[in-house]
Every structure is written in C-alpha cells, then in structure tokens.
Amino acid sequence: MEKEESVLHAHVLVVSFPAQGHINPLLQFSKRLLSKGLRVTLAITKYFAKSMTMHAPTGPIKVETFSNGYDDGWQKENSTEEYFERFKMVGSQTLTELIKKQESSGDPISCVVYDPFLSWALDVAKELNLVGAAFFTQSCTVCSIYYHVQRGLLKLPLAGTEISIPGLPPVPITDLPSFVSIFGSYPTILTLLLSQFSNIDKADLVLFNSFDKLEQEIVNSMAKIWPLKTIGPTVPSIYLDKRIEGDEDYGFNLFNPCTDTCMNWLNMKETGSVVYISFGSLAELGVEQMKELALCLKDSNNHFLWVVRQSEKNKLPTNFVEETLEKGLVVPWCPQLEVLSHKAVGCFVTHCGWNSTLESLSLGVPMVGLPQWTDQPTNAKYIEDVWGMGLRAKVDEKGVAIKEEIEACIREVMQGAEKGKEIRNNAIKWKELAKEAVDEGGSSDRNIEEFVALLCGAPSRCL
Ligand code: UDP
C-alpha cells in the first residue's frame, strides 16, 4: 500500500526536443507512465507550443513550456551552432526555474525524462538531485554507433568498407548514419548527436523507443554498458495492446492533417491496393528524385497516396496532380497512423525515419525504403536485411533511385510471389511481436513497470 502511494505521488517531467519525430514518442511514453499511476508533465519550448496544433487532448498530462532563447522562432541569421548554444544556456536556466516552480507550488518533480538531444537537461536534473532518465528517439543500433564514435572507439573519417561493433552485424559504411558516413557533412549536427553521450554515464536509466526482440543483440550488448531498457514501440495503444483508453493519436501535429480527404479516398479503394508515400516532417528530396518517383507513380497500376509537404510541392513535375487524379491523391500532411492501419494500404514508400519505421512495423505494412540522410540509411538496412520486411531502393551514381528501380521494389513488395511473400509474412510477424512487447507482461511493459518501481525507491524528497 505504502509503495502504491509513493508511485501515485511520483511526478515525472518529460522534456522534449522541439521536433515532430521527438515529441510523438515522448508523449506516448508519458501516456504509458500515466497509465501506471505516475503523474506526468510534458515540457516543450515556448515557440514549439505556439507552432503546434493539438488534435487530441493530452488528458491528465500537463503541458508546461520553457524558453530556449528563441520564443519567436529561430532566425536564419543565427547559425545552427549559435542555436544549440543558446538553447543550452537559456534552456538550462528556464528548465531549472520550471522545476523549482513545480516544487514551490507543492507539486515537486521526482524524475526528469529527457531527450538526449538536450543532454544538458540531465545536468539540470542531477544539480537538483533528481532521477534522470535518457529517452532516445532513434534506434539502439544507431545510438550505439554514435556512442562508439563519441568514445573514440570508431575513428572518423572511417577507414575501410564496413564497421564492426559488438552486437551488430558488419555494417557497410554506406549504411551508417549519414553524419558518420559522409564525414564533415553536417558537423554541428554530428556534434549534437555525439554530445548525447557526453554525460550518459550519469543517467539513472537509458530508455529506447524500441523493443528487445527487434534489436536483441545490440540491446544485450549495450545493456552491459548502460542501465538500458526498451519501452517501445510508442505507437498509440489502440493500434497495439488497446489497454490505454482513448490513446488513439499522438495528439500534437506540426501540420494540419487532411484526415477526411484521405480516409474517404482510402475507403473507396480495394484491400492492399494503395501505395502510401511519405518522407516525414523534415527530409527534402532532390528535384531529380522527386521526378523519378512521380514518373513511377504516374505509370504504375497502383493507386497512391503521397504526402508532399507544402514546402516540397514546387518540386512536383508540372501538372502531375491533375494528370494523376484518377489514381492518386497528393496531400500536404495526413494522419499517418490511420492511413497505415487502413486495409487499402499495401505498401509504404518511406524515408525510414525511426517513427515511420516503427509505425509501419507495428501496423504490419511492408516498406520500400528511400532513405535520405541521418539515421535513415541504417534503418533501411535493418528493414531489408535484418527484419526482412521491406526492400531498399538502390540508387545510381548520383544518389537517385530511378523510376524502374522504385517500380520493381513496389511490385515485389506488393505482389512478389517469393521474396515479396516472405516480406509480407514478416510484416505480419513483426506486427505481432510489437504488440506482444507492449502488452501486459511483454518486455517493454515489464521495463516500464521496473522504471516505475525505480521511482518508488527514489530519495523521499523526490516523491
Ligand atoms: N507523420 C504524419 N503525417 C504525415 C507524415 C508523417 O503524421 O503526413 C508523422 C509520422 O506518423 C511520424 C512522424 O510524423 O510519427 C515522422 O517521424 P519520423 O521519425 O518518421 O520522421 P522525421 O519527420 O523525424 O524525419
């Protein structure tokens, strides 16, 4: 009884980096914590709060804001370097104030779950004598690669053709995260990614939006170094275990989804007949790549639903939308989970962002990977070679996947008799394993229970 009471009193502050692919998993994890009896406050930056539209209520999750020094947005004249420096300086200060405000209002924080893009948040937590848990929004595989670089165990620029890390199969350099494989491509972002591990040894827990069976060997290997727990996939409960009432959507959206248009259109289509295409919230395709994909879709026999963000629309070939009205729908943003779970969707052509990958896997939709940058090439390798639930479109010497290649991949994934069949079967298998992980007694469910138990044992001032 005593234990239960302390759990009920534990108050967790979840601190998110301001990006769609970061807030989604952190918010979902918050909902899981809430369902286990904890109280949760989600901290986001002031500017991010202003730019988001909230589509679903966050329920009893309180949302608080802190400043990163850019409350009116980031001006182009500030360099990325300046942005992250100021974020750290002002963020550390205002996050500390936020935590102290909670304490003085009689609602003290016991634990900070922080996005390691904001590694300084762990220093804030430790300064205030709170439990600090890192929550990575990329795969354990990708994070272990960055960790090895940060510790000097993998030296950049990389030599040879592949790397070898305990717990990973040999990974060709071209399949590594782009910031590592293309040395010097985005030095500030690489510095940020490596900084995630600068103070990781101080974290009381290291959480991953993944599940044990998905990345078993690397999870086992990194668990020897970190107090590691997988707690994912953080796809809304309705699509997996259905145990959290009302958890049907992420709740926050950077863009307005064209829900009715998409769902009405999909409702008219036959089972497994639609190719869904999206490159997430950030990736920018080259004009040439856009053209090859457009040509492929225009000439294919399949219906297609293509998310082309407003900022990307000018790259579409002239009259493409008008000329493909019969078979295609192009929208600036869609409710991706609803789309992927619709029976009409037979294949997802994706940039292989980690959230999109986990969503497709959790909903059993086979993928065709067109990775663009960052962690996407590594995710694409795993989709094809390790999980066997998709194909990665090969690129030519200019880095472009041509029409015929994309066409062949889509055909194989949707209709292929041998390889394609195996891919579709694996997609069903992974969907079941994802559900098993978060369902009662599954590996992620147990890990979340253990996290809650850790908070019960935290110093009394924290609870
Ligand atoms: N998403 C969405 N509607 C869209 C495209 C994407 O809701 O039209 C969501 C998608 O479900 C995922 C997130 O945006 O949760 C994208 O995250 P991901 O890690 O895949 O890519 P990123 O945007 O970070 O590159």
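Since the structure is predicted, the reported quantities are computational estimates derived from the model, not experimental observations. In listed order, ligands and their atoms are each counted from 1.
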Quick one, Arg86 with Glu82, criterion salt bridge (charged side-chain N to carboxylate O under 4.0 Å, His left out). Give me CA distance, side-chain angles, the key distance, then yes/no. CA-CA 6 Å; Arg86 191 164 160 77; Glu82 260 178 278; over 6 Å; no

Please list, in number order, the atoms of ligand 1 under 4.0 Å from a heavy atom of Gln20. 14 (O)

What's the shortest distance from atom 18 (P) of ligand 1 to any protein heavy atom, and which residue and atom give it? Asn355 CB, 3.7 Å

Worked verdict on Asn24 versus Gln20 for side-chain hydrogen bond (donor to acceptor under 3.5 Å, both in side chains): CA-CA 6 Å; Asn24 286 359; Gln20 184 82 61; 2.9 Å; yes

Residue pairs involving residues 320-348 (criterion salt bridge (charged side-chain N to carboxylate O under 4.0 Å, His left out); sequence neighbours excluded): Lys298-Glu323

At a 4.0 Å cut-off, with the gap strictly under it, does some heavy atom of Tyr250 reach an atom of ligand 1? yes

So which bit of Trp333 gets within less than 4.0 Å of ligand 1, heavy atoms only: side chain, backbone, both or neither? both

Which is closest to atom 15 (O) of ligand 1 in terms of heavy atoms, His22, Gln336, Glu359? Glu359

Output the list of atoms in ligand 1 that are nearer than 4.0 Å to some heavy atom of Trp354, sorted by atom number. 19 (O)

Considering Pro332, Cys334, Pro25, which one's heavy-atom position lies nearest to atom 7 (O) of ligand 1? Cys334

Residue selection (non-hydrogen contact nearest atom 23 (O) of ligand 1) among Ser281, Gly21, Gly280: Ser281

Measuring from non-hydrogen atoms of Leu337 to any atom of ligand 1, is the shortest distance under 4.0 Å? no

Between Phe255 and ligand 1, find which residue part has any heavy-atom pair under 4.0 Å and reply side chain, backbone, both or neither. neither

Closest candidate by heavy atom, reference atom 16 (C) of ligand 1, pool Ser356, Ser360, Ser278: Ser356

Only one of Lys435, Arg32, Arg243 forms a salt bridge (Lys or Arg N to Asp or Glu O under 4.0 Å) with Asp445, so which one is it? Arg243

Quick one: look at Val307 and ligand 1, take heavy-atom pairs under 4.0 Å, and tell me if it's side chain, backbone, both or neither. side chain

Report yes if Asn24 has an N/O atom closer than 3.5 Å to an N/O atom of ligand 1; otherwise report no. yes

dist Ile200:CD1 -> Tyr147:OH (nearest 0.5 Å) comes out at 9.5 Å

Rounded to the nearest 0.5 angstrom, the OG1-CZ distance for Thr230 and Arg446 is 9.0 Å

So which heavy atom on Leu361 is nearest to which on Met367, and how close? N-CE, 4.3 Å

Would Arg151 and Phe197 count as a cation-pi pair here, with the cationic atom under 6.0 angstrom from the ring centre and within 45° of the axis? no

Could you tell me the separation between the CD atom of Gln415 and the CG atom of Asn301, rounded to the nearest 0.5 Å? 8.0 Å

Under a 4.0 angstrom heavy-atom cut-off, which atoms of ligand 1 come close to His351? 20 (O), 21 (O), 22 (P), 25 (O)

